[in-house]
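Notes follow the structure.
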Amino acid sequence: MLENIIAGGASALGISLPEGAAERYRRYFEALLRANRDFNLTAIEGEDEAARLHFLDSAALLTVAEIGGEVIDVGTGGGLPGVALKIARPELHMTLLDATEKKVAFLDKVTDELGIPCRCVCGRAEELGSEPEYRERYDVALSRAVARLSSLCELCMPFVKVGGRFLAMKAGDCATEIEEAGPAIEKLGGRLADVGEYVIPGTDIARRVAVIEKIAPTPENYPRRWAAIQKRPIK
Ligand code: SAH
């Protein structure tokens with residue numbers, strides 16, 4: 001059962017959850033399933049799997065780095081990791097960004113129904129990253145399953161304040177991907193501070209999180225358009 005898996009998993013990770021969190025995860029799961037009938041938000045339809053692979057996976061970020069203040073989840077899709085993290089830490093100021101209108105409409109509705117106010121924004125990261133309202137305004141940027149790290153850095157780093165961090169959730173075997181992203185990390189004002197690691201409780205799935213500190217402002221010519229980011233990766 002979802003509630004038990006969340007409770008057991010959180011304690012295995014050493015994370016305490018606020019009152020009402022399990023019920024919110026349940027309602028969020030049900031909303032995801034309902035919306036999934038109309039458009040694709042998740043490939044996971046079983047509650048045990050969703051509890052582990054979506055909710056605990058997201059909450060586990062709290063074991064990797066300190067997360068506080070203004071947070072943006074870039075390419076959040078159905079709200080992962082952003083909504084799952086906001087349920088675990090309601091005090092976070094969470095912005096959920098996605099390029100697909102339908103997904104953002106879903107996020108607006110579900111975060112309202114769950115009483116976990118988030119700023120839900122429809123737009124492309126590489127466009128908003130140049131706008132003063134968003135550029136270098138966030139303490140933490142998060143992202144899961146959006147792009148390869150070298151390109152993802154260009155989408156995410158512009159949002160982060162100097163002194164803030166970008167946390168990129170990756171699969172266990174991402175050593176090459178991280179190495180290949182070295183020049184992009186540096187060029188965009190970052191420094192690879194750590195590669196966090198955890199196993200999602202109740203599974204044997206290892207997850208890595210690249211923790212990238214922002215140590216200098218991102219040069220003004222970044223981010224570029226998506227076609228350029230892909231065609232001419234920073235080397
Ligand atoms: N993070 C979620 C969704 C991953 S799917 C999860 O882990 O389940 C990738 C999502 O990123 C899609 O919803 C897509 O609309 C969004 N996306 C891709 N490129 C983007 C961009 N340049 N700007 C904003 N959103 C983007």
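Positions are given from 1, in the same order as the sequence printed here.
Looking only at distances, no side-chain donor or acceptor of Arg24 sits under 3.5 Å from a matching main-chain atom of Ile87. Judged by distance alone, with hydrogens and angles left aside, the side-chain atoms of Thr218 form a donor-acceptor pair with the main-chain N or O of Leu188 at under 3.5 Å. Not one N or O on the side chain of Lys103 forms a donor-acceptor pair closer than 3.5 Å with the backbone of Gly78. Judged by distance alone, with hydrogens and angles left aside, the side-chain atoms of Ser58 form no donor-acceptor pair with the main-chain N or O of Leu80 at under 3.5 Å. Side chain of Thr63 to backbone of Ala60: a donor-acceptor contact under 3.5 angstrom is found. The main-chain N or O of Asp57 is found under 3.5 Å from a side-chain atom of Tyr198 such that the two form a donor-acceptor pair. With hydrogens and angles ignored, the 3.5 Å screen pairs no side-chain donor or acceptor of Asp139 with any backbone N or O of Arg165. Between the side chain of Glu45 and the backbone N or O of Leu33 there is no donor-acceptor pair closer than 3.5 Å. Here the side chain of Lys235 pairs no donor or acceptor atom with the backbone of Pro183 at under 3.5 angstrom.
Scanning for side chain to side chain donor-acceptor pair (under 3.5 Å) contacts around Glu213 gives Arg191, with sequence neighbours left out. Shown here are the ring-ring contact (aromatic ring centres under 6.0 Å, His included) partners of Tyr28, two or more places apart in sequence or in another chain: Phe55. For Glu133, the salt bridge (Lys or Arg N to Asp or Glu O under 4.0 Å) criterion is met by Arg119, not counting sequence neighbours.
No side-chain heavy atom of Lys187 sits less than 4.5 Å from a side-chain heavy atom of Glu154. Residues Ile44 and His54 form a side-chain contact, since some pair of their non-hydrogen atoms from C-beta on lies under 4.5 Å apart. With contacts defined as side-chain heavy-atom distances shorter than 4.5 Å, the pair Asp73/Leu97 does not qualify. For the pair Cys120/Thr111, a side-chain contact is recorded, criterion being any heavy-atom separation below 4.5 Å from C-beta on. The closest side-chain heavy-atom distance from Leu62 to Ile67 is below 4.5 Å. Ser151 is listed as a side-chain neighbour of Trp226, based on a closest heavy-atom distance under 4.5 Å. Using a 4.5 Å cut-off on side-chain heavy atoms (C-beta onward), Arg34 and Arg37 make contact. Between Val162 and Ile215 the shortest side-chain heavy-atom distance does not fall below 4.5 Å.
A salt bridge links Glu3 and Arg26; the closest N-O separation between the charged side-chain nitrogens and carboxylate oxygens is under 4.0 Å. Between Arg135 and Glu131, none of the side-chain N atoms (NZ, or NE/NH1/NH2) sits under 4.0 Å from a carboxylate O, so this pair counts as no salt bridge. We find that Glu126 and Arg225 are not joined by a salt bridge, their nearest charged nitrogen and carboxylate oxygen being 4.0 Å or further apart. Classification of Glu23 and Arg27 as a salt-bridged pair holds, one side-chain N sitting under 4.0 Å from a carboxylate O. Asp173 and Arg208 are not joined by a salt bridge, as no carboxylate oxygen comes within less than 4.0 angstrom of a charged side-chain nitrogen. Between Lys161 and Glu136, no side-chain nitrogen of the basic residue sits less than 4.0 Å from a carboxylate oxygen of the acidic one, so the salt-bridge criterion is not met.
Atom CD in Glu180 sits 12.0 Å away from atom CD1 in Ile234 (nearest 0.5 Å). Between the CG atom of Leu53 and the CZ atom of Arg207 there is a distance of 8.5 Å, given to the nearest 0.5 Å. With values rounded to the nearest 0.5 angstrom, Cys156 atom SG is found 10.5 Å from Lys214 atom NZ. To the nearest 0.5 Å, the span separating CD1 on Ile72 from OG1 on Thr95 amounts to 5.5 Å. Separation of atoms CD1 (Ile5) and OG1 (Thr203) is listed at 11.0 Å; rounding is to 0.5 Å. To the nearest 0.5 Å, atoms SG (Cys122) and CG (Asp98) are separated by 7.0 Å.
The hydrophobic clustering, which links ILVMFWY residues whose side-chain heavy atoms are closer than 4.5 Å, places Val146 and Ile212 together. Linking Ile, Leu, Val, Met, Phe, Trp and Tyr whenever their side-chain heavy atoms come within less than 4.5 Å leaves Phe159 and Val71 in two separate clusters. Residues Val209 and Leu85 fall within the same hydrophobic cluster, defined by Ile, Leu, Val, Met, Phe, Trp and Tyr side chains chained together at heavy-atom separations under 4.5 Å. If you chain together hydrophobic residues whose side chains sit under 4.5 Å apart, Val104 and Val74 never meet in one group. Criterion: ILVMFWY side-chain heavy atoms under 4.5 Å apart, direct or through other members. Under it, Leu149 and Leu192 are part of a common hydrophobic cluster.
Atom CD of Glu179 is surrounded by 12 or fewer heavy atoms from other residues, nucleotides or ligands within 6.0 Å. Residue Glu66 places its CD atom among 12 or fewer non-hydrogen atoms of other residues, nucleotides or ligands, all under 6.0 Å distant.
Considering every non-hydrogen atom in both Asn221 and Arg224, the closest pair reads O-CG, 3.6 Å.
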side-chain contact (heavy atoms from CB on, under 4.5 Å) between Asn36 and Thr42, intermediate numbers included: CA-CA 7 Å; Asn36 228 18; Thr42 170; 3.5 Å; yes
Evaluation steps, side-chain contact (heavy atoms from CB on, under 4.5 Å), between Leu142 and Met169: CA-CA 8 Å; Leu142 310 167; Met169 298 169 75; 6.0 Å; no
Salt bridge (charged side-chain N to carboxylate O under 4.0 Å, His left out) assessment of Lys170 paired with Glu177: CA-CA 9 Å; Lys170 290 289 164 189; Glu177 187 179 340; 2.8 Å; yes
